[in-house]
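Quick notes on the structure that follows.
Computed from heavy atoms alone, side chains included, the values below leave out hydrogens, waters and symmetry copies. Below, chain A is the first sequence line, B the second, and so on; all start at residue 1.
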Amino acid sequence: MGAGHAHTLYRHGHSHVHRMAPQAKLAAAFVSVVAVATTPREAVWAFALHAGVLAVVVAAAELPLGFVLRRLLVIVPFVGVALLIPFVAGGEQVEVLGVGLSREGLWGAWNVLAKAGLGASISIVVAGTTEEARILEGLERLRVPTTLTLIAGFMLRYLVLIAEELRRARTAMLARGWVPRWLGDARPAASAAGVVFVRSYERGERVHAAMLSRGFTGTMPELDTHVTSGTDWVLGMGVATAAAATAVVAVVTT
Amino acid sequence: MTALPVEVRGLVFTYPDGHRALDGLDLAVPAGERVALLGPNGAGKTTFALHCNGIHAPDEGSVTIGDLRVAEPDLPEVRRRVGLVFQGADDQLFMPSVREDVAFGPANLGLRGDELDRRVATALAAVGADGLEDRAPHHLSGGEKRRVALATVLAMEPAVLVLDEPTSGLDPAGRRELVEVLQSLPQTQLVITHDLPFALELCGRAVVIDGGRVVADGPTATLLGDQELLRAHRMELPYGFDPTVAIRTR
């Protein structure tokens with residue numbers, strides 16, 4: 001195991017969006033996602049506005065467009081399903097390039113595409129500009145129950161190690177001539193996963209012992225290390241208000 | 001009479017599966033001494049370490065740390081006094097950032113604010129890891145992880161350090177840095193290791209544990225010069241290593 005310095009989602013930078021207090025960023029992102037999700041699909045202009053605000057934030061965060069688009073590949077499965085809707089949905093048919101498509105289905109596809117694309121992009125900007133530890137810190141500030149942030153924290157901390165153990169188990173299997181071809185060959189992989197599970201469980205016991213020996217008594221101590229900046233809240237809420245106002249106007253006018 | 005920082009009497013411990021890991025272990029360590037705990041795999045060294053701050057409770061016998069017996073209701077104070085550095089640094093570093101990890105122990109002691117920050121800074125400086133505060137533990141090198149793991153217990157300002165295999169997996173430079181850090185620390189130290197040159201360099205006294213009890217106790221150089229003793233307890237010096245020469249050139 002080396003000292004790999006690859007953050008999975010974070011992109012190092014010094015923009016104002018990077019430096020912003022994580023709780024303000026998370027709150028703004030949450031409000032924006034809710035606003036996008038509640039915007040009626042027919043209000044195409046509202047989605048354009050949402051996209052405009054997002055573009056400004058992406059530019060301010062100095063995130064390259066290619067970075068955001070590559071990460072957006074994660075929604076490809078949803079896009080695939082969305083593109084099928086116009087072919088299978090019923091109702092009034094319209095002809096597009098000689099193919100008969102459902103009007104209702106087209107709206108449905110647009111709805112999924114626009115909302116999934118914008119929603120995922122917002123998450124990509126947050127994850128791309130906030131280190132994992134800071135995201136957890138932000139959630140704690142937003143009074144998310146400590147048990148949840150703790151579980152997320154341990155998961156982030158140990159997922160890397162567990163993935164590494166799985167990778168090593170796979171390498172060891174390949175080195176001894178294992179050639180995965182079809183589902184029947186998955187048996188060794190499943191037992192390797194079982195072994196990794198047991199090892200992770202034992203690691204959990206060792207981590208618990210390490211916590212006990214440093215005075216852990218069952219509740220995590222609060223570690224306040226950063227000060228919240230008022231400016232960050234103003235900026236975050238500015239973005240959130242723009243998104244929320246767009247959604248409200250769209251709902252009212254549609 | 002001042003109580004010894006570590007005193008162990010007739011320690012017996014049996015795991016739930018029936019394996020008797022400790023079988024009447026006795027040990028007394030004066031203040032400021034660095035003692036190497038040597039012995040083959042399965043000798044009971046790590047099990048003993050886990051008794052030093054009450055992670056395991058003995059079936060018979062006792063461990064005392066200064067004037068406190070390792071048992072309830074004194075466990076919180078015992079755990080402050082005894083810093084246990086585990087074999088796998090990844091098990092020791094469980095918080096999202098180095099700063100939070102080092103702060104975890106002293107925060108459990110109730111420290112907050114400036115005093116907490118001071119503890120974190122002092123502990124990291126003591127192991128030469130200042131500047132790593134905001135890094136994630138899984139992004140550190142093996143040597144850095146080991147030193148930060150040490151800082152996590154130093155932040156509790158312990159009187160005794162118990163280190164389990166501190167050099168395993170370290171490259172020569174990382175090992176050298178660790179020796180220098182440990183030599184610079186004032187604490188009483190119990191160092192479990194298979195790395196005999198490391199034991200010789202760091203510890204004036206060595207104790208050989210086998211079968212859950214102490215089978216030899218004396219100056220490290222003398223024990224390592226006893227070929228018969230080493231063979232009897234499955235220990236070997238690295239090829240070409242002569243402890244008498246090493247001790248002269250130190």
Side-chain angles (χ1 to χ4, degrees), chain A residues 1-10 12 19 22 130-140 149-165 199-227, chain B residues 46 49-50 52-56 75-80 82-113 116-117 120 133-145 149 152-153 155-156 158 162 169:
Chain A
M1 256 181 319
H5 200 106
H7 285 277
T8 34
L9 297 170
Y10 178 70
H12 188 71
R19 289 195 310 267
T130 326
E131 281 163 302
E132 293 153 356
R134 301 266 289 149
I135 292 183
L136 292 175
E137 195 185 303
L139 289 172
E140 273 169 30
T149 56
L150 264 184
I151 292 173
F154 280 117
M155 193 191 74
L156 281 176
R157 171 68 185 91
Y158 288 105
L159 204 58
V160 183
L161 291 180
I162 293 168
E164 179 68 18
E165 278 185 5
R199 274 198 218 143
S200 305
Y201 184 82
E202 287 172 349
R203 181 192 293 281
E205 291 186 328
R206 293 198 302 273
V207 172
H208 186 234
M211 292 172 77
L212 287 180
S213 38
R214 280 195 275 151
F216 180 66
T217 50
T219 43
M220 290 302 270
E222 257 187 58
L223 303 169
D224 257 0
T225 43
H226 295 275
V227 186
Chain B
T46 298
L50 294 172
C52 290
N53 70 356
I55 299 294
H56 284 336
L75 280 186
E77 174 59 14
V78 164
R79 286 174 180 167
R80 190 201 63 75
V82 180
L84 190 55
V85 182
F86 286 76
Q87 190 168 355
D90 276 314
D91 298 337
Q92 180 114 23
L93 304 174
F94 43 78
M95 295 292 276
S97 74
V98 167
R99 181 198 313 280
E100 288 166 273
D101 222 310
V102 178
F104 179 83
N108 280 324
L109 300 176
L111 298 182
R112 296 289 182 274
L116 186 59
D117 292 345
V120 172
E133 289 87 343
D134 294 320
R135 299 271 295 277
H138 57 274
H139 288 156
L140 302 177
S141 73
E144 287 170 337
K145 274 186 198 169
T152 64
V153 303
M156 299 180 77
V162 181

What side-chain donor-acceptor pairs closer than 3.5 Å can you find for residues 205-212 of chain A, not counting sequence neighbours?
from	atom 1	to	atom 2	distance (Å)
Arg206(A)	NE	Asp91(B)	OD2	2.4
Arg206(A)	NH2	Asp91(B)	OD2	3.3

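For chain A, no part of Leu109(B) is nearby; none of its heavy atoms comes within less than 4.5 Å. With a 4.5 angstrom heavy-atom cutoff, Phe94(B) touches chain A via backbone and side-chain atoms both.
In terms of non-hydrogen atom pairs under 4.5 Å with chain A, the most contact-rich of Leu93(B), Val85(B), Val78(B) is Leu93(B). When each of Gly204(A), Ala133(A), Gly215(A), Ser213(A) is scored by its heavy-atom pairs under 4.5 Å with chain B, the top score falls to Ser213(A).
A 4.5 Å side-chain heavy-atom check between Pro137(B) and Arg157(A) finds at least one atom pair inside the cut-off.
One distance of note links CD of Glu131(A) with NE2 of His139(B); it measures 9.0 Å at 0.5 Å rounding. A distance of 7.0 Å separates CE in Met95(B) from CG in Leu150(A), rounded to the nearest 0.5 Å.
Residues Arg214(A) and Asp101(B) are paired through a salt bridge, judged by an N-O separation under 4.0 Å between the basic side chain and the carboxylate.
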